[in-house]
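Step one of this worksheet: look at the structure below.
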Amino acid sequence: MRGFGSTRGLLLMLAVQNLGRRQTRTWLLVAAIALASAVTFAGVVAMASVTASMQVGLSRVGADLMVVNRDALTNITNALLVVEPTDSTVAADAVLRADIHGMAGFSAQRILRTDRSGFGAAGEPVDLIGFDPGTDFTILPWLSERLAGPMRPDDVILGGARDLPLGSKALIFGQSFRVYGKLARTGSGTQERGVFVQVVRFLALAPAIRDRLGSLPHMLEPDRVTGFLIRMGPASTELQARFALLSKIPDIKVIVGSALLTGIRQGLGMLLGGLVLLVVALSISTAMMVALLFSAIMAERRREFGLLKAIGARNGQIVGMALVEAALATAGGAAIGVIFGLLLLRLFERGLVHHLGEMGIPFLWLDGARTCGVAAACVVGAALVGMAGAFLPAWRMGRRDIHDLLGKES
Amino acid sequence: MLACRGLVKHYATDKGTVEAVRGIDLDVPMGGYAAIIGRSGSGKSSLMAMIGGLSRPTAGQVRIDGADLWALREPEAATFRNRRIGYVFQFASLLPNLRAVDNVALPARLAGRLGHREAADVAAERLADVGLTDHFDAFPAELSSGEQRRVVIARALMNEPALLLADEPTSDLDEQTEREVMALLRAVSRDRRTTLVLVTHNLALAAEAEQIVHIANGVIVP
Ligand SMILES: Nc1ncnc2c1ncn2[C@@H]1O[C@H](COP(=O)(O)OP(=O)(O)OP(=O)(O)O)[C@@H](O)[C@H]1O
Ligand SMILES: [Mg+2]
């Protein structure tokens, strides 16, 4: 086994030395790959960040449609962030059963508005909102600060107007919760002073609430909800959706959010999709050029490969050496490029992100793990491209007569 | 030891097929010394390449110690070249980035037969055998043509091959150096009872061989 390892070491050393022999060319190649991967890395990270920020920004605009009971008194707000606090309820499975086409998603909410309530030891009035973090798209985007880790069942999120610190204890109907996060100021009253509880925990409060209020409001029954918030898919209009909802679910009211914002959201989604395609096309064309270059470099080494084969190198060893050499140069270049790309992103941050921040638009960088993922993909991708380019000529040389490889003609 | 039967080599070119070797039978006994002579273009290198496992015959057979060389599959053929055959090429055939001792060690290292250390030790012995005790650490560019050729001979002997092939190994050397290198080649092959097949233009050198093979137009002539 030691012999095997030593052969590998030899091939690795030969590969490194081959790169070292033509330093100018190696460095040019490494620089070209570094540049390409810097642009790809920075581009992908910036675009993913912009996309995520946009999504959050646009989600903050609220839902496209709100479905509540027909009897609900609605006080039309332009931002559909939480459903109206009302005593009337809708069947919890109404939207699911209605099977509306063209919906991108929906989230059910339960709101208990009470003045004899239990928020804090003094039992101050509260809008207690039960929501499902799994389907939610209007509340979580407003999180401005939160504890590390995922939200636990005994966690609550507070509206921006409340000022308990993160991690502190909050009493709701006598039960103890931990303050997990706080929302930014939204300007919508219900949300500003709301207390957000995961739906499971919300329903579990029922006995305590019945004790305090003397009866159980309907939205605390598992099969009833206060209402739904709905997000439209790109190809549908509110008019169609509204009509479908009204015709399939009895006794409801459909409230439409801002049509303009729905349009912008749909348009931006398409634009970003197009940009992604563009970056992909650019990386593919760069990849093809690098592969071509490596083909040429390997073809030039014909005679040396012939010599190695003559003294007993197997085809697999020759191909392996070519692949290692290509992978070293391209992955090395890509790694340098990623570092360079990080510098580019710093510049980007100084400029655009700063301006956006001043305008009050939050810019969310892609998280660390995913950024590392993009970096790794750049390095591995570059190595694969280099190896793909090197493989074919090396493999073809392996099949040629050694005498031909050794021949003097160029 | 070496037995060739009905060897034929055709090359397909733009101007049609070149019949470089047109049916050669050749036997060289174990430890024997054969010199191949003939005019330029007569097919000597083509024959040597077929014998050495470097160029697949269009027809015919090469047997070395009974093994049918061209019936072997690729990995076995590579191992065979590595263990049983040593080559001394006409052109400079050292890897420029390796020191002399590492160039010599290459065949053993490629086979994974010896580790870095052991291979270096054996390579040093081989270099000493060809009289290059002082140049272990030299890179090829730091050696004279004659010294380079000695390094190549040491490399060819690294794995103690049964057959040593040399295609005009001294054609680019001056007369004095040529004589020295040839004497060395003869001496080492005789010491090790290695079968030696040599192509040369130098008839005086050829005359020292036990067996002279004269080739013209791809066939052996008396
Ligand atoms: N790879 C090839 N493709 C086409 N023709 C070739 C090839 N190799 C050799 N030939 C032709 O085959 C013939 C024999 O060539 P070969 O190299 O075997 O001759 P040689 O006797 O070694 O000559 P020299 O003394 O000049 O080395 C020549 O006509 C040559 O042009
Ligand atoms: Mg020749």
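Quick note on labels: first sequence line is chain A, next is B, and so on, each numbered from 1. Scope of the values below: all heavy atoms of this structure, side chains included, with no hydrogens, waters or symmetry mates.
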Could you check which of A/Ala313, A/Gly20, A/Ala310 has the highest count of heavy-atom pairs closer than 4.5 Å to chain B?
A/Ala310
Within a reach of under 6.0 Å around [atom1] of [X], are more than 12 heavy atoms found that belong to other residues, nucleotides or ligands?
| X | atom1 | value |
| --- | --- | --- |
| A/Arg25 | CZ | yes |
| B/Arg186 | CZ | yes |
| A/Trp395 | CH2 | no |
| A/Asp367 | CG | yes |
| A/Phe340 | CZ | no |

Per-residue tally against chain A (heavy atom, under 4.5 Å) across B/Ala78, B/Ala119, B/Pro107 peaks at B/Ala78
Roughly how far, to the nearest 0.5 Å, is the [atom2] atom of [Y] from the [atom1] atom of [X]?
| X | Y | atom1 | atom2 | value |
| --- | --- | --- | --- | --- |
| B/Thr79 | A/Arg314 | OG1 | CZ | 6.0 Å |
| B/Ser55 | A/Ile402 | OG | CD1 | 9.5 Å |
| A/Leu307 | B/Phe89 | CG | CZ | 5.5 Å |
| B/His116 | A/Leu10 | NE2 | CG | 9.5 Å |
| B/Asp102 | A/Leu14 | CG | CG | 9.5 Å |
| A/Glu304 | B/Asn97 | CD | CG | 8.5 Å |

Non-hydrogen atoms of chain B under 4.5 Å away: do they reach the side chain of [X], the backbone, both or neither?
| X | value |
| --- | --- |
| A/Gln17 | both |
| A/Leu405 | neither |
| A/Ile311 | both |

Taking B/Lys9 first and then A/Asp401, would you say they form a salt bridge - that is, a charged N and a carboxylate O separated by under 4.0 Å?
yes
Select one option (side chain, backbone, both, neither) describing which atoms of B/Phe80 are under 4.5 Å from chain A's heavy atoms.
neither
Proximal component of B/Arg155, with respect to chain A [non-hydrogen, under 4.5 Å]
side chain
So do the side chains of [X] and [Y] get within less than 4.5 Å of each other, counting heavy atoms only?
| X | Y | result |
| --- | --- | --- |
| A/Leu308 | B/Leu95 | yes |
| A/Met13 | B/Leu98 | yes |
| A/His403 | B/Arg56 | no |

